[in-house]
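In what follows, residues are counted from 1 in the order of the sequence shown. Bear in mind that the values here come from a model prediction, so they are computed numbers and not experimental data.
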Amino acid sequence: MKKSVTLYDVAVLAKVSGQTVSRVLNTPDKVSERTRDRVFSAMKTLRYVPNRPAQLLAGKISSTIGIITASLVFHAPSQIIASIQNHAAKNGFQTSIIMPEKQDYNALQHALNELQAQNIKGVIINLPVESEVAERLVIENINVSCVFLDVSVETDVSMICFDYKEGCSKCVRHLWSLGHRHFGLLAGPQDSISARLRLNIWRNTLHQLGCTDAVTVFGYWGSDSGWSKTIELFRLKPDISAIVVGNDQMALGVLSALKYLNKTGGNSVSVTGYDDTEGSQYFSPSLTTVRHDFNLLGMRAVEVLLDKIKTPDRKFFELLPVEMVIRNSTGQYNNKQDISIMKIRRVLQQALDELGHC
């Protein structure tokens with residue numbers, strides 16, 4: 001039978017000690033680049049495959065980063081995780097993913113325990129976490145470095161997130177510039193940090209512009225939620241001319257509901273989404289939305305996590321830029337309805353004036 005290639009064989013070919021090969025596998029930052037290249041070249045030549053189970057049993061650090069994420073059923077989380085996995089692989093790391101059913105402290109601590117049991121020293125947390133929970137997790141898990149992607153910017157943890165204040169404000173101001181004054185707000189779940197942050201910026205921006213009668217409903221990120229909540233919005237406020245939506249997936253349901261309600265063409269209602277997830281340009285009509293560069297987020301998440309592992313005491317904070325993408329789901333406000341109401345009011349006023357002269 002063919003003899004298995006061992007760590008010793010790699011060391012001989014690379015002309016280094018077995019200890020050096022071990023360092024390259026487990027703590028590569030402690031080995032010079034030139035030596036690492038020689039060892040990796042020898043591994044490639046010999047087709048050496050590290051025995052990961054044996055390394056774990058020996059208590060060595062795994063070349064794996066952990067990911068705790070929201071459900072991959074939704075578009076944005078799945079795109080983010082794909083990007084993280086891609087950039088982790090480019091840096092020589094595998095990924096271990098956990099999707100907890102809940103997002104409270106106990107569920108997240110259990111997930112961290114599972115990852116630490118694999119000797120994983122770095123974890124990216126890609127789900128909305130309350131500030132106090134995030135800070136507690138960091139304090140109580142000093143042996144693992146955590147980078148959060150969905151927490152409030154005031155949270156005292158290492159984080160990377162998109163500039164939601166800029167993105168949410170742009171949605172409202174774009175619609176306002178088109179003449180819209182009657183707003184419906186379709187936010188994500190009330191227990192979601194990102195949903196609440198987006199909603200607060202929408203409301204604050206509208207208040208600054210002088211609009212105080214916008215109505216709000218809460219969905220749960222899915223397209224069917226967007227459909228049903230659109231019906232609810234028009235029950236609450238029949239004169240809505242623009243709907244600001246918390247994500248693209250709900251916006252897809254909103255556009256479908258508007259067709260059902262015959263609010264297209266001359267009666268069309270403008271809609272903005274959020275995230276610019278893959279395929280949003282092919283909605284009917286194509287969706288105006290705020291673009292999040294998920295590839296950039298995945299790349300920076302991996303880079304920052306690796307830096308965090310090397311310098312555990314350092315806190316990282318980074319806001320990524322956003323971009324407003326204008327497509328066909330938004331347009332100039334059609335004021336025909338307002339003109340009709342004004343005509344009725346003038347006729348009524350004339351009738352009252354005539355009665356006053358009698």
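T230 places no side-chain N or O within 3.5 Å of a backbone atom of A257 that could act as its donor or acceptor partner. Between the side chain of S329 and the backbone N or O of V271 there is at least one donor-acceptor pair closer than 3.5 Å. No donor-acceptor distance shorter than 3.5 angstrom exists from the side chain of T288 to the backbone of T272, with no hydrogens or angles considered. Side-chain atoms of R314 do not come within 3.5 Å of backbone N or O of K308 as any donor-acceptor pair. Side-chain N or O atoms of S280 include one that pairs as donor or acceptor with a backbone N or O of T277 at under 3.5 Å. Judged by distance alone, the side chain of K170 and the main-chain N or O of E323 form no donor-acceptor pair under 3.5 Å.
Summarising the local packing, NZ of K165 is surrounded by 12 or fewer heavy atoms from other residues, nucleotides or ligands at distances under 6.0 Å. Applying the 6.0 Å contact sphere to CD of E278 captures no more than 12 heavy atoms from other residues, nucleotides or ligands.
One side chain, R203 or T216, offers a donor N or O that lies under 3.5 Å from an acceptor on the other. Under 3.5 Å, the side chains of Q208 and N204 contain no donor-acceptor pair of N or O atoms. Using a 3.5 Å distance cut-off with no hydrogens or angles, the side chains of S284 and K259 do pair a donor with an acceptor. For the 3.5 Å distance criterion, the side chains of S270 and T330 fail to qualify, holding no donor opposite an acceptor. Checking Q116 against N143 by side-chain atom types alone, no donor-acceptor pair falls below 3.5 Å. Side-chain polar atoms of D276 and T289 form no donor-acceptor pair below 3.5 angstrom. Between the side chains of S17 and T20, a donor-acceptor pair is found at a separation under 3.5 Å. For the residue pair Q79/D275, the side-chain donor-acceptor check at 3.5 Å is not satisfied. For the residue pair H182 / S241, no side-chain donor-acceptor distance below 3.5 Å is found, with atom types taken as modelled. Side-chain contact of S223 with Q249: a donor-acceptor pair under 3.5 Å is absent, judged by distance alone.
Taken together through direct or relayed side-chain contacts under 4.5 Å among Ile, Leu, Val, Met, Phe, Trp and Tyr, Y274 and L319 form part of one hydrophobic cluster. Residues L252 and V73 do not share a hydrophobic cluster, defined by chaining ILVMFWY side chains whose heavy atoms lie under 4.5 Å apart.
Of all non-hydrogen atoms in C161 and V153, the two that sit nearest each other are SG-CG1, 4.0 Å. When every heavy atom of L209 is checked against every heavy atom of R173, the shortest pair comes out as CD2-NH1, 3.6 Å. Of all non-hydrogen atoms in S78 and L72, the two that sit nearest each other are CB-O, 3.7 Å. Minimum heavy-atom separation, A70 to P77: O-CB, 4.2 Å.
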*Show your working on salt bridge (charged side-chain N to carboxylate O under 4.0 Å, His left out) between D293 and R291 and close with a plain yes or no.*
CA-CA 6 Å; D293 188 340; R291 175 173 294 158; over 6 Å; no

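In this structure, L199 and F218 have side chains that are in contact, with non-hydrogen atoms separated by less than 4.5 Å.
In this structure, F183 has its ring center no closer than 6.0 Å to that of W202. Two rings, from F93 and H87, have their centers 6.0 Å or more apart.
Salt bridge absent: E232 and R235 never bring a charged side-chain N and a carboxylate O closer than 4.0 Å.
Geometrically, R181 does not engage Y333 in a cation-pi contact defined by less than 6.0 Å to the ring centre and at most 45° from the axis.
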